[in-house]
Peer 1: 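Provided herewith is a single structure, encoded as structure tokens, for subsequent inquiry.
Nothing here was measured: the structure is a model prediction, and the numbers come from that model. Per chain, numbering begins at 1; letters A, B, ... match sequence-line order.
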Amino acid sequence: MTSTTSTTDLSIARILADGAAGHGRKAVVKGWVRTCRESKAGVVFVAVSDGSCFGTLQVVVPAECPDFEASRRLTTGCAVVARGELVPSQGKGQSVEMRAEGLELVGAVEDPDTYPIQPKPHSFEYLREVAHLRPRTNTFGAIGRVRHCLAMAIHRFFDRHGFFWIHTPIVTGSDCEGAGQMFKVSTLDLANLPRGADGRPDFAQDFFGKQTHLTVSGQLNVECWCLALSKVYTFGPTFRAENSNTSRHLAEFWMIEPEIAFADLRADADLAEALLKSIFKDLLEERGDDMRFFADRIDKTCIERLEKFIAASFERMDYAEAIRRLEEAERKGHKFDYPVTWGMDMQSEHERFLTEVLVGRPVVVMNYPKDIKAFYMRLNDDGRTVAAMDVLAPGIGEIIGGSQREERLDVLDRRIAEMGLDPAAYWWYRDLRRYGTVPHAGFGLGFERTIVYATGMANVRDVIPFPRTPRNADF
RNA sequence: UCCCCUGUAGCUCAAUGGUAGAGCGAGCGGCUGUUAACCGCUAGGUUACUGGUUCGAGUCCAGUCGGGGGAGCCA
């Protein structure tokens with residue numbers, strides 16, 4: 001009876017928030033044992049977490065409790081239901097605790113010696129190997145709540161500003177998304193592939209009657225809806241089959257891609273800035289408990305960093321200006337592995353120097369040379385740059401990549417031809433420019449990189465529940 | 001994918017080519033309204049895997065797999 005969920009149960013978050021106001025109240029809490037200590041004075045102290053907040057509730061089991069003997073044998077990880085009265089705590093560190101009248105062991109831990117989550121610090125690398133149990137740790141519990149908070153804050157921001165959430169497809173038949181290697185989606189028998197006259201796999205016999213992939217971006221699709229609903233965004237999983245082995249890359253990650261009509265690059269940058277400020281403000285307000293933990297144990301500066309970010313405006317500079325400042329740094333004696341020249345695609349070392357040393361906070365770099373950017377980015381009047389922007393953040397690099405889109409059909413076609421792409425493949429994308437085209441712009445925000453920036457966690461693999469990376473799709 | 005580093009007890013790490021060690025965690029006992037508890041005792045190992053060199057390999061060599069840092073690609 002007591003071990004099943006009821007919506008009238010008090011969460012530990014609620015109990016701790018109420019604090020002294022809850023003294024004298026009867027309550028039931030359901031959760032997992034973090035630590036269990038026994039005092040020979042005749043009480044057992046059980047720290048219980050239900051994940052509703054960072055903190056644990058101290059459940060005190062007195063000797064006269066019928067479950068006293070059983071509670072002495074509780075170990076880290078046991079699932080329990082505790083009934084009792086909320087009382088002032090006699091110990092330090094909490095204003096309220098539960099004096100247990102009953103404590104039910106719902107699920108025991110088979111062998112406490114080999115339970116993978118011990119009441120002691122673990123390395124993140126180890127915890128990735130026990131990803132099914134790592135949500136029970138302080139860090140990953142906090143990550144889970146922060147991740148949810150940021151996701152909700154993003155939806156809230158867009159909703160308040162009149163954006164519509166568009167569910168762009170996960171499976172795509174476009175072979176023209178152009179953002180790197182894609183995962184194939186097929187129901188064909190790999191051991192017995194149907195082949196056409198040319199000996200190649202015959203995708204006409206495949207599920208969709210053509211070759212399909214997992215999406216690498218919802219941008220091209222969401223542009224269609226932008227040119228009807230004006231302000232739209234996608235927020236969903238994205239897949240890249242790149243063999244990238246870094247702390248900043250996942251094969252499956254989540255991306256937010258707003259797209260706004262009747263907008264230029266400046267409006268695009270304004271939107272990016274407003275979005276990030278809004279969600280970081282919500283994060284500090286709603287998850288102060290978790291953020292204090294990150295500041296305490298992961299990255300001392302993370303709260304201060306977000307506060308500064310909210311207060312200050314983005315540093316914005318043109319690509320040309322960024323190059324000038326990097327060249328100036330070179331003249332003053334800073335050595336780069338790759339020399340700085342106008343027209344180059346900035347290397348990590350340049351981006352890091354720019355955002356970490358020259359600016360000291362996130363910076364928006366705008367108007368890149370056209371030759372290093374995608375075909376759909378709008379050509380500027382100078383004929384050699386496009387209206388593209390990257391938001392670079394210290395320690396992470398590119399957190400946002402965006403642009404004003406090329407809305408002029410003739411210019412778009414020229415760009416497609418220049419890059420050796422097949423215009424026929426883009427027929428519906430080109431149609432947008434034939435029927436009621438308008439200036440529009442958008443960007444992609446990497447969700448995991450945003451969480452890394454906010455929390456100070458060092459690796460995107462540790463801010464997603466189950467990371468997918470090359471040679472790793474366990475759990 | 002490339003460069004560098006790395007893989008030893010449940011976890012974090014020691015160990016000159018010569019008997020496998022500590023701390024934490026775990027179990028038991030002691031002490032204690034405790035909360036990074038403290039004190040004592042005990043258990044716990046095919047040194048990632050495969051092969052090679054050697055009288056002898058955790059240690060040296062090769063390959064495979066995993067992990068980390070950096071690079072490329074990007075979010």
Side-chain angles (χ1 to χ4, degrees), chain A residues 34-48 55-62 72-73 75-77 87-94 97 99 109-130 133 137-138 178-181 216-219 237-257 272 296-297 337-338 345-349 351-352 372-374 390-393 396-402 443-453 458-461 463-464 469-472 474:
Chain A
R34 281 293 179 78
T35 59
C36 182
R37 296 174 297 279
E38 182 180 354
S39 166
K40 280 297 186 295
V43 288
V44 173
F45 299 101
V46 188
V48 178
T56 55
L57 180 68
Q58 173 159 277
V59 175
V60 183
V61 187
R72 296 174 66 190
R73 292 190 295 274
T75 59
T76 301
V87 298
S89 180
Q90 297 172 40
K92 280 174 282 186
Q94 65 267 323
E97 66 185 21
R99 188 162 188 84
V109 165
E110 277 185 4
D111 177 6
D113 190 34
T114 58
Y115 178 58
I117 307 297
Q118 296 165 356
K120 53 161 291 186
H122 290 293
S123 70
F124 292 132
E125 292 81 10
Y126 166 70
L127 289 170
R128 270 175 228 149
E129 296 170 10
V130 288
L133 297 171
T137 63
N138 280 335
Q181 289 288 77
V216 294
S217 165
Q219 180 201 319
T238 308
F239 307 86
R240 304 268 168 96
E242 301 285 355
N243 191 8
S244 296
N245 296 287
T246 80
S247 58
R248 308 177 301 283
H249 291 85
L250 293 164
E252 177 184 277
F253 65 100
W254 288 62
M255 185 156 65
I256 298 97
E257 296 175 285
D296 198 33
R297 295 294 171 86
D337 291 339
Y338 294 85
D345 203 356
M346 275 193 270
Q347 306 290 311
S348 280
E349 57 169 342
E351 295 184 344
R352 292 186 69 133
I372 59 172
K373 288 294 181 180
D390 285 352
V391 179
L392 309 175
I396 302 159
E398 189 177 340
I399 192 170
I400 284 177
F443 61 81
L445 169 66
F447 191 43
E448 286 73 23
R449 289 183 182 181
T450 305
I451 300 171
V452 161
Y453 179 74
N459 197 316
V460 288
R461 299 173 191 197
V463 300
I464 189 167
T469 53
R471 293 176 304 280
N472 187 356
D474 291 337

Peer 1: For B:A15, give the paired nucleotide (Watson-Crick: N1-N3 plus N6-O4 or O6-N4; G-U: N1-O2 and O6-N3; both under 3.5 Å), or none.
Peer 2: none
Peer 1: Could you measure between the two C1' atoms, the one in B:C39 and the one in B:G23, and give it in whole Å?
Peer 2: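 Pairwise C1' distance, B:C39 against B:G23, rounds to 16 Å.
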Peer 1: I need the CG-P distance between A:Leu127 and B:G10, as an integer number of Å.
Peer 2: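 Atom CG in A:Leu127 sits about 16 Å away from atom P in B:G10.
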Peer 1: Could you tell me whether the side chain of A:Glu38 has a donor or acceptor atom within less than 3.5 Å of a complementary atom in the base of B:G33?
Peer 2: no
Peer 1: Please determine if a side-chain N or O atom of A:Asn472 lies less than 4.0 Å away from the OP1 or OP2 oxygen of B:G67.
Peer 2: yes
Peer 1: With a 4.5 Å cut-off on side-chain heavy atoms, are A:Ile117 and A:Leu127 touching?
Peer 2: yes
Peer 1: If you define the side chain from C-beta out and look only at heavy atoms, does anything of A:Leu392 sit under 4.5 Å from A:Ile399?
Peer 2: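 No, too far: nothing below the 4.5 Å cut-off.
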Peer 1: Within the structure, does a side-chain N or O atom of A:Ser39 lie under 4.0 Å from either OP1 or OP2 of B:G33?
Peer 2: yes
Peer 1: Select from A:Pro112 and A:Gly401 the residue whose nearest nucleotide in RNA chain B is closer to the 5' end of that strand.
Peer 2: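 Of the two residues, A:Pro112 wins.
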Peer 1: Has A:Arg248 got a side-chain N or O lying under 4.0 Å from the OP1 or OP2 atom of B:C74?
Peer 2: no
Peer 1: Taking atom C1' of B:C74 as reference, at what distance in whole Å does atom CG of A:Leu445 sit?
Peer 2: 14 Å
Peer 1: Which part of the nucleic acid does A:Glu257 contact within heavy-atom distance under 4.0 Å: base, sugar-phosphate only, or nothing?
Peer 2: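 It contacts nothing in the nucleic acid.
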Peer 1: Rounding to an integer number of angstrom, what distance separates B:C13 and B:G52 when you compare their P atoms?
Peer 2: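 B:C13 and B:G52 have their P atoms separated by 32 Å.
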Peer 1: If you define the side chain from C-beta out and look only at heavy atoms, does anything of A:Arg449 sit under 4.5 Å from A:Val460?
Peer 2: yes
Peer 1: In sequence, state the C-alpha distance, the side-chain angles, and the governing distance for A:Tyr115 and A:Thr75, and then conclude on side-chain contact (heavy atoms from CB on, under 4.5 Å).
Peer 2: CA-CA 10 Å; A:Tyr115 178 58; A:Thr75 59; over 6 Å; no
Peer 1: Without decimals, in angstroms, what is the distance between A:Glu125 CD and B:U12 C1'?
Peer 2: 12 Å
Peer 1: Can you check the distance between B:G58 and B:U1, where both ends of the measurement are the P atom (answer in whole Å)?
Peer 2: 31 Å
Peer 1: Provide the distance between the two C1' atoms, one in B:U59 and one in B:U16, to the nearest whole Å.
Peer 2: 10 Å
Peer 1: How would you label the contact of A:Gly91 with the nucleic acid (heavy atoms, under 4.0 Å): base, sugar-phosphate, or nothing?
Peer 2: base
Peer 1: Would you say a side-chain N or O of A:Ser123 is under 4.0 Å from OP1 or OP2 of B:U12?
Peer 2: yes
Peer 1: Can you tell me, in whole Å, how much space there is between the C1' of B:U47 and that of B:G21?
Peer 2: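 Approximately 12 Å lies between the C1' atom of B:U47 and that of B:G21.
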Peer 1: Roughly, in whole Å, what's the span from NZ in A:Lys120 to P in B:G25?
Peer 2: 8 Å
Peer 1: B:C49 and B:C3: how far apart are their P atoms, nearest whole angstrom?
Peer 2: 25 Å
Peer 1: Please confirm whether any donor atom in the side chain of A:Arg449 sits under 3.5 Å from an acceptor in the base of B:C74, or the reverse.
Peer 2: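 Indeed there is one.
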Peer 1: Both distances under 3.5 Å, Watson-Crick or G-U wobble: report the partner of B:C60, or none.
Peer 2: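 When the pairing criteria are applied, B:G52 turns out to be the nucleotide that pairs with B:C60.
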Peer 1: Around atom CZ of A:Arg297, are there more than 12 heavy atoms of other residues, nucleotides or ligands at under 6.0 Å?
Peer 2: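 Not buried by this count: 12 neighbours or fewer within 6.0 Å.
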Peer 1: With a 3.5 Å limit on both atom pairs, tell me what B:G33 is paired to, counting Watson-Crick and G-U wobble, or say none.
Peer 2: none
Peer 1: If B:A9 has a Watson-Crick or G-U wobble mate with both distances under 3.5 Å, name it; if not, just say none.
Peer 2: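 Looking at the geometry, B:A9 pairs with no nucleotide.
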Peer 1: Hey, is the side chain of A:Ser244 pairing donor to acceptor with the base of B:C74 inside 3.5 Å?
Peer 2: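 Looking at the base of B:C74, it does not pair with any donor or acceptor on the side chain of A:Ser244 (distance under 3.5 Å).
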Peer 1: To the nearest angstrom, how far is A:Glu242 atom CD from B:A71 atom P?
Peer 2: 17 Å
Peer 1: How many Å lie between OH on A:Tyr115 and C1' on B:A9, as a whole number?
Peer 2: 20 Å
Peer 1: Whom does B:U46 pair with, Watson-Crick or G-U wobble, provided both distances fall under 3.5 Å?
Peer 2: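 Pair assignment: B:U46 / none.
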Peer 1: Taking only the P atom of each, what is the distance from B:A43 to B:G10 in whole angstrom?
Peer 2: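 These two P atoms come out 15 Å apart once rounded.
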Peer 1: May I ask you to verify whether the side chain of A:Gln118 and the base of B:G25 hold a donor-acceptor pair under 3.5 Å?
Peer 2: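 There is none.
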Peer 1: Would A:Arg240 and A:Thr238 satisfy side chain to side chain donor-acceptor pair (under 3.5 Å), going step by step from the backbone distance to the final call?
Peer 2: CA-CA 7 Å; A:Arg240 304 268 168 96; A:Thr238 308; over 6 Å; no
Peer 1: Between B:G45 and B:A9, how many Å separate the two C1' atoms, rounded to a whole number?
Peer 2: 6 Å
Peer 1: Would you indicate which nucleotide in B:C73, B:U1, B:G33 comes nearest to any side-chain atom of A:Phe45?
Peer 2: B:G33
Peer 1: Report the distance from atom OH of A:Tyr126 to atom C1' of B:G10, rounded to the nearest whole Å.
Peer 2: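 Rounded to the whole Å, the gap is 6 Å.
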Peer 1: What does B:G25 pair with, Watson-Crick or G-U, if both distances are under 3.5 Å?
Peer 2: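 Matched B:G25 with nothing under the 3.5 Å cut-off.
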Peer 1: Is the closest side-chain heavy-atom distance between A:Arg34 and A:Asn138 below 4.5 Å?
Peer 2: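 In short, these two side chains touch, coming nearer than 4.5 Å.
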Peer 1: What I want to check is whether an N or O donor and acceptor connect the side chain of A:His122 with the base of B:C11 at under 3.5 Å.
Peer 2: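 There is none.
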Peer 1: Not counting sequence neighbours, which residues clear side-chain contact (heavy atoms from CB on, under 4.5 Å) with A:Ser247? List them please.
Peer 2: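 A:Ser247 satisfies side-chain contact (heavy atoms from CB on, under 4.5 Å) with A:Asn459 once adjacent residues are dropped.
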Peer 1: How do A:Pro119 and A:Gln347 order along RNA chain B: which one's closest nucleotide is nearer the 5' end?
Peer 2: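 Here A:Pro119 is the residue nearer the 5' end.
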Peer 1: Would you say the side chain of A:Asp111 and the base of B:G10 hold a donor-acceptor pair, judged only by whether the two atoms sit under 3.5 Å apart?
Peer 2: no
Peer 1: Please give, in whole Å, the distance from B:A9 P to A:Asp113 CG?
Peer 2: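 Result: 13 Å.
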Peer 1: Can you name the closest pair of heavy atoms from A:His122 and A:Gln118 and give their distance?
Peer 2: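 Closest approach of A:His122 to A:Gln118: NE2-N, 2.9 Å.
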Peer 1: From the options B:G33, B:A75, B:G70, select the nucleotide whose nearest atom is closest to the side chain of A:Val60.
Peer 2: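 The closest nucleotide is B:G33.
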Peer 1: OP1 or OP2 of B:C74 versus the side-chain N and O atoms of A:Thr246: is any pair under 4.0 Å?
Peer 2: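 No.
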Peer 1: Does any nucleotide pair with B:A71 by Watson-Crick or G-U wobble geometry, both distances under 3.5 Å, and what is it?
Peer 2: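 Answer to the pairing question: B:U1, which forms a Watson-Crick or G-U pair with B:A71.
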Peer 1: So what does A:Arg99 touch, heavy atoms closer than 4.0 Å: a base, only the sugar-phosphate, or nothing?
Peer 2: base
